[in-house]
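Contents: one structure, followed by commentary.
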Amino acid sequence: MERVILHSDLNNFYASVECLYHPGLRSKPIAVVGDQEARHGIVLAKNEAAKRCGVKTGSPLWMAKQKCRDIVFVPPHHDMYMKFSKLVRDIYSEYTDQVESFGLDECWLDVSGSASLFGSGPAIADAIRRRIRRELGLTVSIGVSYNKVFAKLGSDLKKPDATTVIRRENFKEIVWPLPVEALLYVGASTRSRLRRCGIETIGELAHTDVTFLQSLLGKNGKALWMFANGLDTSPVRNIGAKSLIKSIGNSTTTNRDLVSDRDVRIVLHALCESVSARMREYGFICKTVQVGIRDSSLHWIERQGPLPIPNRTAASLFEKAYALICSNRGERPIRSLSVRASDLLLSQAEQMSFLPHISALQKKEQLEETVDDLRCRFGQDALRRGIMLSDTSLSDFNLSRDPISGGDIASAAP
């Protein structure tokens with residue numbers, strides 16, 4: 001039986017939710033933006049009116065204002081976006097239990113077994129669009145195809161509020177003329193490397209020798225070749241199935257540049273404590289720590305190193321992360337930092353050890369679990385490191401949460 005996969009993409013999600021709560025904004029170009037005073041001042045989302053003026057997600061606010069003089073900037077309200085994302089997924093779950101999130105505003109649905117109840121794939125897509133518009137006041141574009149990659153591509157082809165069908169019989173006519181960057185997981189770097197080799201369209205990618213693509217892009221070369229040729233067979237995960245978590249991390253852009261070692265240590269302690277607590281929440285330990293450093297000129301580097309013993313204590317994360325930063329930072333002040341735990345392993349119940357280094361780690365883990373409990377019961381500020389009190393402007397910040405990966409967790413690709 002041919003699979004029937006839907007990819008549903010809420011149109012201008014953040015901006016659309018803001019317009020629900022502020023109807024007076026509906027006829028105006030608006031952009032949901034980060035906090036400019038905290039130096040997060042970029043466009044997070046925009047509506048159709050702003051898009052027609054050339055405003056792009058990720059643009060600095062001055063550039064958005066330059067392209068659209070009448071644009072209205074509104075702050076984000078992530079609690080509202082989470083609420084509506086859940087309401088939309090509740091609607092999806094009435095048609096299938098195979099629903100896989102791809103960020104707050106996108107989901108794949110496998111409706112292969114739902115035809116006898118709700119009709120064909122396009123009929124189900126149209127029914128979902130009508131319900132979301134009627135019940136929630138939002139619009140959604142849905143792609144219908146026989147695999148996840150083409151369903152995702154279909155949802156991008158017609159916006160807003162449209163259903164696009166890509167069938168096995170006609171995908172070459174629809175997909176192959178498109179630019180190669182329209183394909184899932186072809187980012188700016190991959191696009192540039194392909195274009196340097198004369199590969200401009202998805203069709204040209206499909207006709208390129210797969211061995212050459214593997215030599216150019218590694219294992220991703222074969223995956224992209226299969227995507228372009230309509231050979232994706234990845235499944236849609238069931239509702240409630242735990243995502244395959246590859247790494248856990250957090251990052252922040254500070255409200256002033258980090259100049260001294262003390263500045264770096266303050267921010268780094270907060271990041272490592274957050275990552276450590278998240279690993280305990282999800283039941284992981286890690287073998288590798290990765291840091292990202294962006295300096296005042298916006299130059300970005302990433303470095304990683306192994307832990308001597310896999311664990312999840314904030315102290316161990318900090319020690320490795322700080323060593324990586326000290327050996328790789330340049331002369332310029334630091335604008336933003338990230339810490340990520342990777343090479344994750346499921347933690348197992350451990351017996352107490354008589355080996356001094358193992359015993360010391362276990363004691364630190366027990367102490368940090370107690371700290372987690374106290375902060376959960378009495379608030380995040382119930383216990384703080386003394387160094388954080390020396391400059392609260394650096395220690396009192398909000399850790400960034402990436403909406404495309406569902407928070408600060410990076411999940412495996414489908």
Side-chain angles (χ1 to χ4, degrees), residues 1-9 56-58 100-103 106-110 112 121-122 125 141-159 162-237 243-244 246-247 290 292 300-302 304 342-343 402 404-405 410-414:
M1 181 179 70
E2 182 86 308
R3 291 199 303 164
V4 182
I5 310 297
L6 275 55
H7 183 271
S8 181
D9 186 357
K56 296 182 179 180
T57 300
E100 180 183 342
S101 295
F102 193 57
E106 300 182 47
C107 281
W108 279 289
L109 295 77
D110 188 332
S112 305
S141 293
I142 301 179
V144 184
S145 192
Y146 64 95
N147 66 48
K148 291 170 68 175
V149 170
F150 286 170
K152 169 78 169 80
L153 194 150
S155 69
D156 292 332
L157 287 181
K158 294 180 183 178
K159 293 178 181 288
T163 296
T164 302
V165 182
I166 299 177
R167 304 183 190 279
R168 190 184 296 273
E169 299 77 22
N170 67 355
F171 83 84
K172 294 178 183 179
E173 289 77 16
I174 298 174
V175 174
W176 280 4
L178 298 174
V180 70
E181 60 267 26
L183 196 63
L184 188 64
Y185 303 124
V186 176
S189 175
T190 300
R191 177 191 62 191
S192 297
R193 296 173 73 179
L194 291 172
R195 285 188 169 180
R196 283 199 296 268
C197 298
I199 302 171
E200 299 275 350
T201 68
I202 296 176
E204 290 170 346
L205 176 65
H207 286 94
T208 302
D209 181 71
V210 67
T211 305
F212 170 76
L213 290 174
Q214 285 180 299
S215 67
L216 180 68
L217 304 172
K219 63 181 181 181
N220 290 334
K222 182 177 181 180
L224 293 178
W225 180 87
M226 292 183 68
F227 291 172
N229 282 284
L231 301 176
D232 170 46
T233 59
S234 56
V236 176
R237 289 192 289 268
S243 297
L244 178 60
K246 298 180 67 177
S247 64
Q290 182 185 76
W300 172 262
I301 64 168
E302 288 185 338
Q304 67 179 31
S342 58
D343 292 334
D402 182 0
I404 293 180
S405 61
S411 298

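The model shown is predicted, which means the values in this text are computed figures rather than measured ones.
Taking the side chain as every heavy atom from C-beta outward, R195 and E200 approach each other to under 4.5 Å. Side-chain contact check for D232 versus M226: every heavy-atom pair is 4.5 Å or farther apart. Contact annotation: the side chain of V236 approaches that of I5 to within less than 4.5 Å [non-hydrogen atoms, C-beta and beyond].
Only one option out of T164, L6, V165 pairs with I142 in a side-chain contact (heavy atoms from CB on, under 4.5 Å); it is L6.
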Exercise for the section: Could you give me the CA-CA distance, side-chain angles and deciding distance for I199 and L213, then say whether side-chain contact (heavy atoms from CB on, under 4.5 Å) is met? Expected result: CA-CA 11 Å; I199 302 171; L213 290 174; 4.1 Å; yes
Pair R191, V180 - check side-chain contact (heavy atoms from CB on, under 4.5 Å), show working.
CA-CA 7 Å; R191 177 191 62 191; V180 70; 4.2 Å; yes
Note to self: Apply side-chain contact (heavy atoms from CB on, under 4.5 Å) to residues F102 and L184 and explain how you reach the verdict.
What the structure shows: CA-CA 12 Å; F102 193 57; L184 188 64; 4.2 Å; yes
For this session: Decide yes or no on side-chain contact (heavy atoms from CB on, under 4.5 Å) for T233 and N147, but give the supporting numbers first.
Result: CA-CA 6 Å; T233 59; N147 66 48; over 6 Å; no
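One finds the CD atom of Q304 at 5.5 Å from the OG atom of S342 (value rounded to the nearest 0.5 Å). Expressed to the nearest 0.5 Å, how far CG of L183 lies from CH2 of W225 amounts to 13.0 Å. Interatomic distance, CD of E181 versus OG of S192, reported as 9.5 Å (0.5 Å rounding). Rounding to the nearest 0.5 Å places CD1 of I174 at 7.5 Å from CG of L157. Separation of atoms NE2 (H7) and CD1 (I166) is listed at 12.0 Å; rounding is to 0.5 Å.
The main-chain N or O of T211 is found under 3.5 Å from a side-chain atom of D209 such that the two form a donor-acceptor pair. Side chain of E204 to backbone of T201: a donor-acceptor contact under 3.5 angstrom is found. The closest donor-acceptor contact from the side chain of W108 to the backbone of S101 lies at 3.5 Å or more, if one exists at all. In this structure, the side chain of W176 engages the main chain of A228 through a donor-acceptor pair within 3.5 Å. When atom types are taken as modelled, the side chain of S112 and the backbone of V4 share a donor-acceptor pair closer than 3.5 angstrom.
Here the shortest heavy-atom pairing between C197 and F212 reads SG-CZ, 3.7 Å. Nearest heavy-atom pair across L224 and L205 is O-CD2, 3.9 Å. Minimum heavy-atom separation, E173 to E169: OE1-O, 3.9 Å. The two residues R3 and K148 make their nearest non-hydrogen contact at NH2-N, 4.5 Å. Of all heavy-atom pairs spanning E302 and G292, the tightest one is CG-CA, 4.2 Å. The two residues L178 and A182 come nearest to each other via the heavy atoms CB-CB, 4.2 Å.
Relative to the ring axis of Y146, R168 places its NZ or CZ within 45° and under 6.0 Å from the centre.
Salt-bridge formation is detected for the pair D9/K159: a Lys NZ or Arg NE/NH1/NH2 atom is positioned less than 4.0 Å from an Asp or Glu carboxylate oxygen.
Around the CZ atom of R167, the shell of radius 6.0 Å holds no more than 12 heavy atoms that belong to other residues, nucleotides or ligands.
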